[in-house]
Amino acid sequence: MRSGPLYRLRSEAGTGRQARATLEISWRETKEDKAKGWQTMLQIQAKMSAHTTVLLVLLHLTPTPVHLTSWPCLDSCKCDTDSVHPHGLVVNCRGQNLHQVPPSIPSNTTTLLLTRNNLTRLPDSTFSRLAHLLTLDLAFNYIHTIEENAFVGLGRLIALNLTGNHLRLSPATYPAGVYRPLTSLQVLRLENNARKRSQSHQSVASAQSPSRRSVAQFSSESGSLGNDRLETDIHSAVVPPTLPSSDDQGEAPSPELRSGASIHDQVSQPDASEMQLDYPDEALSHLPSLRELYMDGLENRTLGPGFRNLTKLTFLDLSGNKGNCFLGDMSPETLVNAPYLQHVNISKCRITNLTADTFGELQDLRVLDLSFNFALGFDRLGDAFEGLAKTKLEILEINSVVSSWDLGTQITAYHLRYFKDLRYLWRLSARFNRIVSFEEGALCNGTPPNLTHAYLDANLLQLAPYLNDLICLEKLEVLHINGYNSYWTPQLRAPFLSNPQDRPDSGSVCVSAGAGTRGAESLETEYREFVFPPKLRIFKARHFGLFYKLMSIPVNPNNSLERLVVGENHFRIWKGPVTGLENLKELELSNSFGNAIFPQFLSSFPFLEVLDISGNRLRRVFRYFNEDGAILGGLRKLKVLNMSRNDLGDLDNSTFINLTNLELLSLKVNAMGSFVHDISHMKNLVHLDLADNQLHTLPKSVRDHLDSLAEIRHITVNMTLNPIGCTCQNIDFLKWVRDTRVDFGTHKDYYCQMEDGSKMMMADIWITINQLDRTCGSYVGVFVGAVASSLLFVVLLVVALVYRFRWKLRYLYYATRLSFQRNKRHLDDGFKFDAFVSFAGEDMEFVDGELKEELEEGRGLKLCIHERDFVPGQYIASNIVDSVQRSRRTLVVLTRALLASDWCHYELQMALMEAAETGRDVLLFLLYEQVPSHELPREVLFNIQAASYIEFPHTESDRGLFWDRLADALRR
């Protein structure tokens, strides 16, 4: 299998029956990485028979079987052929308002789905005819009684789902021999059944903070951030494929909504207040093949001695994710009778205390999930590590084990005093724990020796001295410290040198558009060396609160980093160089407010294969500072380039000139009006994404190259949401789209723009081409008329251009004349004045009085005032141009009188021309008089919004600060 960028279609479960599919583009990890992620799960199920594993995987992936044929086999049910067992049937009776199990179910049924009906009891011999049944789903009914012989005849049953009923966990509910016939049962789900809840339980449930819902939602949806926010689901790596609880979550809907009558009026239920809740270990002890058990967790209850008979039980889920769980205090006695467990999920169980040896008897324990036990805290968790050191724990999930109201947690050496003894642990997930930092030295002395994957996302980590301890994590390969959008992310400074005398001064303070009202301190100095663990390959710090100008960045050279994901931070300037990351293969800086890239920055990564710089502000960079493709020129090994959502406009032809190995290029949502780039050197191109631009066509050179590639491999082009021109001039392109082997996707996602500006869907492209063939003939009269019209158009265009650029032409004329005169007078190139003051004659009193007194006499600036400083004998227009060019800034005193002055308008135009020619900031507006925006000419309003301005305070107390700020602005 070829290494390199990985393009795959990933399906993700959504809410209810919805699902979503996204195209994922990422660096392919090694086979060892993927194998290790499932190694523990495969060991847990290694002894399962082959046909059972296939069945469970199928059920996990397709809760609702999909088949080519389906027919009604009962009055209220449908039958499908079982795709795993061709001679069997899948009988689907979901949501049919059944009050009892239909007696005429075919005897060759292998899967029976009775979810969401009104069943209340299972009498003896209910399923005695179904000897071939393998899967029985009774979830979300109202079953409160199961008679002892209800499951007689189900000796082949593998999976039984009783989730969401009224089967309280109690020996009184489950007769001692009720499960005795189920000799082959491997998966049993009993969670989310009605049970006694104390007032204290309810108060704890109601006291949960509202933010916890978002935390749980994040953990279940964090598989991707496209746009992504996290790529690793909190539970995906620790839950093996098993029978799903049902196609929907939650309790069964009220019977009034389904049948019109309350079933509780017809059912006599046991009194919860008289029922002693406990695990029915005697009934469960008759399940010799049971491997996976899901049930509710009970407060201060232990797994009874009957669990010792379950020698194959390796997976236990008591969590509150889909059920009810309140464990309270846990001790060694809680799980002591289930010594064969390898996977334990007690997340969301409101655990309040763990003794030191709670898990010490589970010597084969491989996976433990303690997430969302908000009252646990790291003090109690640190005690539990002592017992876990006696196990073979490989995967530990401790997400959100502190209160969401916690102001911040520092992990100390005391917390990790036993953690270092977990010698088998290789994967740790500790998200949403309000972790601020680690005590200096704690990581070096308290980290397990074989830890390779650490996920610390959605904490409040600061850049502190503990970063120096990362070098101690010698085997760490994957580190995620992504932030979380719902949290306030603090701004983090670069780690300065430890010597205060070597600490550089910080740069200017600016406010970021993405940071709201918070100031973003940008550092223009060189950083100290950043230290990565020697074997770290993947580092992610998305939305981490980093506010940097990326200047010279040294990284420890003995690192193995291949993938660096730091998007959604605030990196405005990417200057570089970056040293020590020469072997980096994937870099993501998406949505980072970047607006300046220097060629030496990206050239610091010569072996880069995947680059994502989407969602920045790079139009100006690639338009004016990309001579000969210098910005991307050093990335000769690049295979994937994502530059979407940068408002790039039309790029220079040399932008991609050196990208000979490119396979995927994404330029969508960039307001591109044309794509005239030479891509003939891209011999490996497989996908070109130009969606959501302003493209009407593709030039013939691009089409020819795409055709040549399509002869070799499958190649795709995405031009959806572009106004494709359905005109005579573009008929060659339309025919090419129709006939080419290049895959443009379905035409229904494209639309045509007609000659009259109207639009139509591409589904009618064939009819459109035929119509254009008939009407696009060549006529001499049309040709002559077109030539005449073209000549007239050229003449009018020249006149229009002269009028349109009259101010620039006048400026160039006077600027050239003055330049000639200066050369003759051997004048120097320095600024003679700090500011040229543009004002109306009605404002002379203010300018010659307070303005001149405060700026010239009080603050040492030199102003150019036309009444005093214009050269006698020269034209006024020439004097204006000369004054603008010899002044550092042009200060416009904006009043109604200025707006009515033609010469002031001329001065404004000359200042704009000077700014365009020299690239320096020239204009500065002083709003001396409050003029409503509707009274301002459109051109003046635009310039005020585009340039800097300052308002004149009319209160004496504010003027001192005002004049200081104005003087400072004029000196820049």
Going by heavy atoms in the side chains, are [X] and [Y] under 4.5 Å from each other?
X: Y340; Y: L313; value: no
X: L365; Y: Y424; value: no
X: Y142; Y: L119; value: no
X: R94; Y: T115; value: yes
X: D369; Y: I346; value: no
X: L287; Y: L182; value: yes
X: L388; Y: F419; value: no
X: L134; Y: L157; value: no

Under 3.5 Å, side chain of [X] to main-chain N/O of [Y], donor-acceptor pair present?
X: R168; Y: T173; result: no
X: T109; Y: T111; result: no
X: N373; Y: C349; result: yes
X: R301; Y: L277; result: yes
X: N165; Y: N193; result: no
X: N433; Y: V401; result: yes
X: Y414; Y: G382; result: no
X: D137; Y: A139; result: yes
X: N459; Y: I435; result: yes
X: E191; Y: D296; result: no

Spacing of [X] atom [atom1] and [Y] atom [atom2] [to the nearest 0.5 Å]:
X: T163; Y: N192; atom1: OG1; atom2: CG; result: 7.0 Å
X: F378; Y: R434; atom1: CZ; atom2: CZ; result: 12.5 Å
X: E148; Y: L122; atom1: CD; atom2: CG; result: 14.0 Å
X: C325; Y: D317; atom1: SG; atom2: CG; result: 9.0 Å
X: R291; Y: T314; atom1: CZ; atom2: OG1; result: 7.0 Å
X: R423; Y: L393; atom1: CZ; atom2: CG; result: 11.5 Å

Take I158 and L185, measure what side chain to side chain contact (heavy atoms under 4.5 Å, CB included) needs, and give me the verdict at the end. CA-CA 4 Å; I158 294 174; L185 192 70; 5.8 Å; no
Where do [X] and [Y] come nearest, in terms of heavy atoms and distance?
X: N161; Y: R189; answer: OD1-CB, 3.4 Å
X: V402; Y: G377; answer: CG1-CA, 4.1 Å
X: F127; Y: A150; answer: CD1-O, 3.5 Å
X: A356; Y: E386; answer: CB-OE1, 3.3 Å
X: P288; Y: T183; answer: CG-O, 3.9 Å
X: N117; Y: Q96; answer: OD1-N, 2.8 Å

Please determine whether a side-chain nitrogen of the Lys or Arg among R427 and E397 lies less than 4.0 Å from a carboxylate oxygen of the Asp or Glu. yes
Ionic contact status for E147 with R121, cut-off 4.0 Å: yes
Starting from the C-alpha separation in whole Å, work towards a yes-or-no answer on side chain to side chain contact (heavy atoms under 4.5 Å, CB included) for L293 and L284. CA-CA 10 Å; L293 176 60; L284 295 172; 4.2 Å; yes
Indicate whether the side chain of [X] and that of [Y] have a donor and an acceptor atom separated by less than 3.5 Å.
X: N321; Y: S347; result: yes
X: N337; Y: R308; result: yes
X: D278; Y: S170; result: no
X: N353; Y: D329; result: no
X: H415; Y: D379; result: yes

How are the rings of Y179 and F151 set to each other: parallel, tilted or perpendicular (split at 30° and 60°)? parallel
In terms of relative ring orientation, are H480 and Y455 parallel, tilted or perpendicular, with 30° and 60° separating the classes? perpendicular
Pair T135-T110, side chain to side chain contact (heavy atoms under 4.5 Å, CB included): steps then yes or no: CA-CA 6 Å; T135 302; T110 54; over 6 Å; no
Applying side chain to side chain contact (heavy atoms under 4.5 Å, CB included), run through L335 and L316 and close with a yes or a no. CA-CA 10 Å; L335 303 173; L316 177 64; 4.2 Å; yes
Within 45° of the axis and under 6.0 Å from the centre of the six-membered ring of F140, does NZ or CZ of R116 qualify? yes
Would N97 and N118 count as a side-chain hydrogen bond (donor to acceptor under 3.5 Å, both in side chains) here? Give the steps. CA-CA 6 Å; N97 196 26; N118 289 334; 2.3 Å; yes
Is the Y294 to F315 ring centre distance short of 6.0 Å? yes
I'd like to know whether CD of E282 has more than 12 heavy-atom contacts from other residues, nucleotides or ligands below 6.0 angstrom. no
